[in-house]
Amino acid sequence: MQKPSIPQGTRDFSPAEVRKRQYILGTLRTIFELYGFQPLETPSMEYLTTLTGKYGEEGDRLIFKILNNGLHEKNEAGKAKLNEEWNTLLSKPYSTPAVTERALRYDLTIPFARYVVMHQNDLAFPFRRYQMQPVWRADRPQKGRYREFWQCDADVVGSVSLINEAELLCIYQGAFQQLLLPVCIKINSRKLLAALSELCGMPEKMMDITIALDKLDKIGWVGVANELKERGIAEEGIWQIERVINVTGNNEEKLAAYTDIMQHSPSGIAGINEISKTLAYYQSLASAEWQGQIMVDISLARGLNYYTGVIVEVVCTHPKVKMGSIGGGGRYDDLTGLFGLKGLSGVGVSFGIDRIYDVIEELNLFPEQLATGSVAMLVNFGGDNELYALQLLRQLRTAGIAAELFPDSVKFDKQMKYANKRGFAYVLLPGDEEREKGLISMKNYATGEQKMVSIDDCVTQLK
RNA sequence: GAGAUUGUAGCUCAGUUGGUUAGAGCAUCAGAUUGUGGUUCUGAGGGUCGUGGGUUCGAACCCCAUCAGUCUCCCCA
């Protein structure tokens, strides 16, 4: 007999975990709907050609590929070709259509772009959608990183207004407010990062500067300066970057200082305007009760290289929590251009629900009542009592009370132990005496108190 | 792609310099108790010590290989 196990980087979600996850997903869904976003689902698999080349060289390697079916059914000519391609395949990191032409979804953004292009005639732009589905990556799993995990995205395409950015900030605020998580939303613009590399006189080094800068809160300025040096940035450039990093103050003060430093850079000024306009819209739309702060942070970079405008990232500020970002997003111009639909700009945010789950769990902020299933269990006393129990069960369910009958007429204490483990609020005892009198004994399982009541009273009390 | 570390009962783990028949707790099942759970008590079942070689009179323990898990770096969510 083989020992059962599940593939590396995948997880089972037990009932209590599913409930907690659904609590998070449900909260997000309610918010998305409140802001007028529409639900979208796309297939678990896409054509490999849809996905390759969209996530960079590293990304291509991490796409889960699906072996073609019917490989064994090929005719002789097919077999020869397959043999040849198989050998090529083994010597190279990528695949060939003879062996694989489908792959598991790597994220939700590219399938969304594909969907928008395919359905452009049916959609009303600006189109806002939210999507909550699993994605797969053939990465080496480690703490908090899985090969199968869920993403929760909300995006708007077909509008360049910064009102969208402001609305997405509000979605973050509203969602984390409801989930009781204290957060800080960092905001930056890719245009500012571009301006920064201009300031160094090395616009072509933007990626290097961005990657190094992103590590600021992890390795500190000295570490970043070293990395910049290694990546070939001149002393003069590093000095310029340090000058910008050293700017402190509230958002207005920071933006004013950046304006001063970058006054000769058109993209710098554009980035600053973008951020301040977004914040202005946000002020008008924001609710006074939201606790989370929004902070301009020029060291914020975000990994994906398709962002072109405002970028944001959410971190939990609770002192007990040592966790990276729990959400992020930004604007990407021309995402659909890859599939032939030019000039459509989009902006979106993503919630890292596995991390959000871990944080809520650590802070013990899941609502208590999530853990319950059925309210009551009926003990099975067998014989005529079984039929009596079934009638009662029907009445309870008709009244909307979640209840279940122990299906086997086994020893009493076994049924009671089962009830205890399941954590029912009440156990109902339809035995000989109750049946003859047309009553029911109900036992409160928390207090141990038990009484015999009419069936109507029982239904009323459980409601 | 690089590195560290761990594989012993369903689960969590002991197991001494290599030495009889490999242990504990939890879980399961049975009984004390055929209409009263959580706390008790008694007993039982359950292991090819990840796999394959090697060293040895003798290997869970030492050596080699291999597979798998976990973690770190890279990168990312």
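Within every chain, numbering begins at 1; the chains are lettered A, B, ... in the order of the sequence lines, protein sequences first and strands thereafter.
Heavy atoms of A:G448 sit under 4.0 angstrom from at least one base atom. If you check every strand for non-hydrogen atoms under 4.0 Å, A:R140 touches a base. At the heavy-atom level, A:Y146 lies under 4.0 Å from base atoms of the strands shown.
Proximity of A:K414 to the phosphate of B:C29: a side-chain N or O atom is located under 4.0 Å from OP1 or OP2. Between A:K421 and B:U28 there is a side-chain N or O to OP1 or OP2 distance below 4.0 Å.
A donor-acceptor contact under 3.5 Å links the side chain of A:R145 to the base of B:C75. Evaluation of atom-type donor-acceptor distances gives no pair under 3.5 Å for the side chain of A:K411 against the base of B:U34. Side-chain atoms of A:R422 and base atoms of B:G37 include no donor and acceptor less than 3.5 Å apart. Between the side chain of A:Q142 and the base of B:U70, no donor-acceptor pair of N or O atoms lies under 3.5 Å.
For the C1' atoms, the distance from B:U40 to B:G7 is 36 Å, rounded to whole Å. Nucleotides B:U48 and B:A22 are separated by 13 Å at their C1' atoms, to the nearest Å. B:A4 and B:C64: their P atoms are spaced 14 Å apart (whole Å). Taking atom C1' on both nucleotides, B:G18 is separated from B:A59 by 6 Å, rounded to a whole Å. Spacing between B:A9 and B:G23 at atom P, rounded to whole Å, works out to 14 Å. Across B:U28 and B:U12, the matching C1' atoms stand 16 Å from one another, rounded to whole Å. Taking atom P on both B:G15 and B:C75, the two are 40 Å apart, rounded to the nearest angstrom. Nucleotides B:G25 and B:G43 have their P atoms positioned 11 Å apart, rounded to a whole Å.
A cation-pi arrangement is absent between A:R114 and A:F339 under the rule of less than 6.0 angstrom and at most 45 degrees off the ring axis. The cationic atom of A:R128 (NZ for Lys, CZ for Arg) does not lie both less than 6.0 Å from the six-membered ring centre of A:Y35 and within 45° of the ring axis.
One atom, CZ of A:R435, and another, P of B:G35, lie 14 Å apart when rounded to the nearest Å. When the C1' atom of B:G1 is taken as reference, atom CD of A:E58 falls 8 Å away, rounded to whole Å. The CD-P distance, from A:E227 to B:C73, rounds to 14 Å in whole Å. Atom CD of A:E449 is separated from atom P of B:U36 by 18 Å (rounded to the nearest Å). Between the P atom of B:C76 and the CG atom of A:D354 lies a distance of 19 Å, rounded to the nearest Å.
With the nearest nucleotide of RNA chain B identified for both A:I6 and A:F424, A:F424 has the one nearer the 5' end. For the pair A:K215 and A:Q8, nearest-nucleotide mapping onto RNA chain B gives the more 5' position to A:Q8.
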### Derivation of the ring-ring contact (aromatic ring centres under 6.0 Å, His included) call for A:F64 and A:Y106
CA-CA 8 Å; A:F64 257 111; A:Y106 181 87; 9.9 Å; no
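Separating the CG atom in A:L378 from the CZ atom in A:F424 is a distance of 10.0 Å, to the nearest 0.5 Å.
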